[in-house]
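Below is one structure, written out as structure tokens; the observations come after it.
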Amino acid sequence: DNCQAYPTPYRHTAARAMFATTAAACPAQYPLCRAPSSCRRGRRADSRARRGVALSASPEPRVLAHPMSFPPEMRTAVEAVQLASRLCMATQDILVGDDRAAKSDDSPVTVADFAAQALVGLWLERSHPDIKLVAEENADALRVAGGASLSSRVTSLVNETLASAMEDGFIESGSIEIPVTDTFVWDAIDRGAGSPSGDGAFWILDPIDGTKGFIAGRQYAVALGLMVNGSVCGGVLGCPNMPQELIPEDATFIPPQRPGTVFAAYEGKGCVAFPADAKDALRSEKNVTPVRADSFASPHTARYMESWGDSVVANGDKTSVIAKALGITRTAVRVDSMAKYGALAFGYADLYLRFPPKEYREKVWDHAAGVAVVEAAGGVITDGEGNALDFTKGRFLDQKGGIVASANPSLHAALLEALAKIDE
């Protein structure tokens, strides 16, 4: 019932051949299912028609997207990300417009980072204490004598978020005992000291991905992936500023819009999106929308994403060269953080190109949740040489030639071919 069995890893030649074969097989195996114009798939089809894209040229394969069939772990993960998103939204409202805000030792961003990780760690441990947590932060700075003030602010933010969620009925009153203590918060943060491997189950968390976007009031993400026996099988992206309507054809960025969007994906179940404040989202189909990356996208119709100019991992020159080589003419969209993966799944854009400097080492928490979302939405993600991303080698993610994601296999094959020629 779906078209997700795109084997990886590959090198250039094998990747191009396989992707081309898979893409060619899809039209015969998966008939076009047009949805009403009121749904997201229908609106994307209308948009493609306005761009002059033949709808019959590349049928959109059906994909499973049954939120109620997601495993219990994913329901817990969604709740954890939603709680952290609430915390982040409250903090961002303080930061927007404050040019002095920075990720210093005692800034609101630092407080939110620690508090979001503590909150997610606390919520996950309630139901799934046997799943190890891999996350960005540790509580060393809070445990030392000089960290008392910072620790107090972190703990207060955690308690305020939990109390607010209970008060408005988002979580059941008494579902977790509050107020939690500093020690409880420290231990929850330090649960994230795990190192992923190919055996067992791991949560992989980035409590706030996209610090500069977070400070500036742009896009950012709370990202939580689930890896079991070496396979990233589930992911949740909380994007508190992500709209749920299509952006204009000539848009150069995704405008922030509350309450934002949560993407939840699980292997074999597809990818769904829903408002960030939706209660019990995976226990009913209310307000839940199946989403799929644009399987019609080709080099001549694709829109690509780029980081804002202040990104450490941005290489705008190389991205521009690749876009030109592919024949892309549409306006690029600037998006902060792992929200790019959600944007690709949602159909806001069709390509994500990430080329960090050679001395930069990728972290597993910067990509795990995004990989699950993109792949469950029908997209493809590899490193720049076509190899699958391997999250089993510890807290760092080795890659060759960057990390690239595409809306469909044929577009990814064209991208890898252009990359190979440029690198040569």
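Here the structure is a predicted model, which is why all the values come from computation and not from measurement.
Contact of the H412 side chain with the V404 side chain is registered, since non-hydrogen atoms from C-beta on lie closer than 4.5 Å. Between P207 and V222, the closest side-chain pair of non-hydrogen atoms is not below 4.5 Å. No side-chain heavy atom of E267 sits under 4.5 Å from any side-chain heavy atom of V228.
For the 3.5 Å distance criterion, the side chains of N408 and S410 qualify, holding a donor opposite an acceptor.
A salt bridge is absent between D182 and R143: the closest approach of a Lys/Arg side-chain nitrogen to an acidic carboxylate oxygen does not fall below 4.0 angstrom. Residues E417 and K421 are paired through a salt bridge, judged by an N-O separation under 4.0 Å between the basic side chain and the carboxylate. Using a 4.0 Å cut-off between charged nitrogen and carboxylate oxygen, D383 and R354 do not count as a salt-bridge pair.
The ring pair (Phe, Tyr, Trp, His ring centres under 6.0 Å) check on Y304 picks up nothing, with sequence neighbours excluded. For K318, the salt bridge (Lys or Arg N to Asp or Glu O under 4.0 Å) partners two or more places apart in sequence, or in a different chain, are D423.
Between Y220 and F214, the ring-plane angle classifies as perpendicular under the 30° and 60° cut-offs.
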Item checked: side chain to side chain donor-acceptor pair (under 3.5 Å) evaluation trace for S107 with T110 -> CA-CA 5 Å; S107 74; T110 301; 3.3 Å; yes
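By the neighbour-count criterion of 12 heavy atoms within 6.0 Å, atom CZ of F170 is densely surrounded, having more than that number from other residues, nucleotides or ligands.
Sequence neighbours left out, not one pair with a member in residues 300-309 passes salt bridge (Lys or Arg N to Asp or Glu O under 4.0 Å).
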